[in-house]
Amino acid sequence: QVQLVESGGGLVQPGGSLRLSCAASGTIFSIYAMGWYRQAPGKQRELVASVTSGGSTNYTDSVEGRFTISRDNAKNTVYLQMNSLKPEDTAVYYCNAEILYSIYRRPRYFWGRGTQVTVSS
């Protein structure tokens, strides 16, 4: 079974930085797109950033220029470097990946359980 495990969340002051990591484990043949989503209290989950297997990246407007997504294919890991954090970045951050986990099945999306990021003074 495939698992995605996030780490790196926490409490940080406005203007600070955090680096999130998400490692995929289990029976994995290929990982296609990987991404980070977030969900703030009372709001819908939104895509923050994504990266394709070829390294192409995409960001939501509110984090462009402050966040950087990257991946290490050898480690099946995706990262999110978050700089110049703002209180409105406070949310639970979820990792998402499209993974081929069986040669008999199509790839499917898997989710991590989330890690809390709180930006507050």
Identify all side-chain donor-acceptor contacts of residues 91-107 below 3.5 Å with residues at least two apart in sequence or on another chain.
residue : atom : partner : partner atom : Å
Tyr93   : OH   : Arg38   : NH1          : 2.9
Tyr93   : OH   : Asp89   : O            : 2.6
Asn96   : ND2  : Phe110  : O            : 3.4
Ser102  : OG   : Tyr104  : N            : 3.1

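- Between Tyr37 and Val48 the shortest side-chain heavy-atom distance does not fall below 4.5 Å.
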Under 3.5 Å, side-chain donor or acceptor atoms of residues 68-76 against the rest of the protein: list the pairs with distances, not counting sequence neighbours.
residue : atom : partner : partner atom : Å
Arg71   : NE   : Asn73   : OD1          : 2.7
Arg71   : NH1  : Tyr32   : O            : 2.7
Arg71   : NH1  : Val51   : O            : 3.4
Arg71   : NH1  : Thr52   : O            : 3.1
Arg71   : NH2  : Ile31   : O            : 3.2
Arg71   : NH2  : Tyr32   : O            : 3.2
Arg71   : NH2  : Asn73   : OD1          : 3.2
Asp72   : OD1  : Ala74   : N            : 3.1
Asp72   : OD1  : Lys75   : N            : 3.3

When the side chains of residues 10-25 are checked against the rest of the protein, which donor-acceptor pairs come out under 3.5 Å, sequence neighbours left out?
residue : atom : partner : partner atom : Å
Ser17   : OG   : Asn83   : OD1          : 2.9

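- No side-chain heavy atom of Val117 sits less than 4.5 Å from a side-chain heavy atom of Thr90.
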Requested in this report: Go through the steps for Phe67 and Leu85 under the test side chain to side chain contact (heavy atoms under 4.5 Å, CB included), then give the verdict.
Outcome: CA-CA 9 Å; Phe67 291 9; Leu85 282 160; 3.8 Å; yes
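- Judged by distance alone, the side chains of Thr118 and Gln116 do bring a donor and an acceptor atom under 3.5 Å apart.
- Here the side chains of Met82 and Trp36 are not in contact, with every heavy-atom distance at 4.5 Å or above.
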Report task. Using the side chain to side chain contact (heavy atoms under 4.5 Å, CB included) rule, take Arg45 and Trp111 through it: C-alpha gap first, then chi angles, then the decisive distance, then the call. Result -> CA-CA 12 Å; Arg45 191 173 297 190; Trp111 289 91; 3.3 Å; yes
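- One distance of note links CD of Glu88 with NZ of Lys43; it measures 8.5 Å at 0.5 Å rounding.
- Residue Gln3 qualifies as open at atom CD: its count of foreign heavy atoms under 6.0 Å is 12 or below.
- Atom CZ of Arg113 has 12 or fewer heavy atoms from other residues, nucleotides or ligands within 6.0 Å.
- Atom OG of Ser53 is separated from atom CE of Met34 by 11.0 Å, given to the nearest 0.5 angstrom.
- With rounding to the nearest 0.5 Å, the separation of OG1 in Thr115 from CG in Leu80 is 11.0 Å.
- The 12-atom threshold is not exceeded at CD of Gln44, counting heavy atoms of other residues, nucleotides or ligands nearer than 6.0 Å.
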